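Because only heavy atoms are used, hydrogens play no part in the values below, and waters and symmetry mates are left out as well, while side chains stay in. One-based numbering, in listed order, for ligands and for the atoms of each. Quick caveat, the model's predicted, so the values are computed rather than measured.
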Amino acid sequence: MAFDLVFFGGTGDLVWRKLMPALFQAFCHDTLPEGGRIIGVGRDDLTDEQYRQQIQSRFEQVEGDKRPKPEEFARFASLLCYVRMDLSKPEAYAALASRLAERDTDHVVMYLSTAPSLFTTVCEQLAASGLNTPKTRIVLEKPLGHDLASNRSINTAVGKVFKEQQIFRIDHYLGKPAVQNLFAMRFGNALFEPLWRREHIANIQITMAEELGVEKRGGFYETTGALRDMVQNHALQLLCAIAMEPPINAHADAIRDEKLKVLRALKRWTPETLSQHVIRGQYSAGNVFGQSVPGYRDETGVSAQSSTETFVALRTEIANWRWAGVPFYIRTGKRMAAREAHIEINFRPTPHEIFKSPMGHANKLVIHLQPKDGLELHLFAQGQSKRGEGSGGATLSPVHLDLDFDKRFGSQRVGAYERLLLDVLDGRLNLFVRSDEQEEAWRWVEPILQHWKNDPTGPRPYTAGTWGPSASSAMIARDGFCWSEEI
Ligand code: BG6
């Protein structure tokens, strides 16, 4: 299957850090379809050879065994070429059109890894240059807009040029092996389904913590914040994967229809739930893994009076038969105590205790997304009982069933961007987000954004290297629960 894959923003950070390494991995795994060409598009004046060299020098900065061998890179580099373009200039698209006309391909993928403000222009110009043929697929990187209105206007503009089946909206969390395994665990096994409901589950917690700060992205982050950067997309997609009904089949629209129903059933905010159930925080200077780090307001590109949130914790509910009354907690932040993403399904305790049990005795399933990728089922068992103790007198001890997917599947596993890029080349939409899902997610977060805009108190400070402001613990404690590290 011959393809041309065009990276708009071809000299940008995402292409260097994620997309090229992912394609290179696919190339080394022999899963990249043959007959491919990868075309970087950017404003810099580069020849094909100079572009290859730039990528090679980035690859050489990679440490350890992941650094490519020169002969392998040379073979990969022969797929790369470069077109210089100023995307805002209509005449620039002719250069791309003539490069694409050099050969016949089965598919042309246009990957928009640029500022979203350019999405509309690029799509219009692709259409004006006749580059929106039925063979074309378009990939849109997040953030897709800043709010509901801007998201809609991008979707409308792209929708005028491409059909929904040609549009691949990326949420890289959906490409993570652990998230695909979540679908497999839920819908490929009958074991959990009867328990997967309000009668058996006390609460669900989604944590996506990063130990890093905003790094070099201060300027971008200032106008984005954690709610737009992580909650509107990644966290809600995880919530959908946990809470959706079993789809009728594994086709993209069957899955997306079920996710959409979850988003529609998320409880709407009231002034009371907004102020009590949504906590925003901002990191101040602190210590992360023994290193002192600056506060957010001292990061490059960040205003000294910034009120941008680097942390969000919230509580929501899903108003349907399966989940009514079960709290779902989401928490995400930068400069937290660890890099750790997991989902905890906390089951209800036994209805009647006949053993001596540890405090807070209840089963829990932990779905680890990163750095570990696996499942952990927390159970209680009887260890060695003391002399004279009947089973009724024995104390239960916590034990874990621990499944580590990295150990189990090892090198067969593919990373998120590798998976998603291969799916785009195959035309598989399952792991991509439909426009109505995205709009519904924006519709749900928008009242929070409005509320914060009018709330002069701003985010609560938390010390870098901690688990966020104490209000986050207080919020969950009101329901009689706590975050996992507080047990
Ligand atoms: C991106 C956000 O979407 O996800 C970043 O823009 C964040 O701010 C990143 O760091 C987290 O992704 P991962 O895969 O490292 O958890």
Can you tell which part of Tyr173 has a heavy atom less than 4.0 Å from ligand 1: side chain, backbone, both or neither? side chain
Can you check which of Asp229, Asn233, Val214 brings a heavy atom nearest to atom 2 (C) of ligand 1? Asp229
Heavy atom under 4.0 Å from ligand 1: found in Glu141's side chain, backbone, both, or neither? neither
Quiz question: by atom type and distance under 3.5 Å, do the side chains of Tyr296 and Glu309 form a donor-acceptor pair? no
Please determine whether a side-chain nitrogen of the Lys or Arg among Arg408 and Asp404 lies less than 4.0 Å from a carboxylate oxygen of the Asp or Glu. no
Here the atoms of ligand 1 under 4.0 Å from any heavy atom belonging to His172 are 1 (C), 3 (O), 4 (O), 12 (O), 13 (P), 14 (O)
Going by the order shown, which atoms of ligand 1 are within less than 4.0 Å of some heavy atom of Lys142? 1 (C), 2 (C), 3 (O), 6 (O)
Report the relative orientation of the aromatic rings in Tyr82 and Tyr51; use parallel for angles under 30°, tilted for 30 to 60°, perpendicular for over 60°. tilted
So, Arg169 side chain and Val433 main chain: donor-acceptor pair closer than 3.5 Å or not? yes
N/O to N/O below 3.5 Å, does that happen between Tyr221 and ligand 1? no
Going by the salt bridge (Lys or Arg N to Asp or Glu O under 4.0 Å) test, name the single residue among Glu486, Glu344, Glu485, Glu210 that passes it with Arg331. Glu485
Going by an N to O cut-off under 4.0 Å, is there a salt bridge joining Asp229 and Lys142? yes
Between Glu440 and Arg434, is there a salt bridge with N-O shorter than 4.0 Å? no
Considering only the protein, which heavy-atom contact is closest to atom 15 (O) of ligand 1, and what is its distance? Arg339 NH2, 3.2 Å
Check ligand 1 against Lys334 and write out every atom of the ligand that is under 4.0 Å from a heavy-atom position of the residue. 5 (C), 7 (C), 8 (O), 10 (O)
Candidate with minimal heavy-atom separation from atom 5 (C) of ligand 1, of Glu215, Lys176, Glu210, Arg217: Arg217
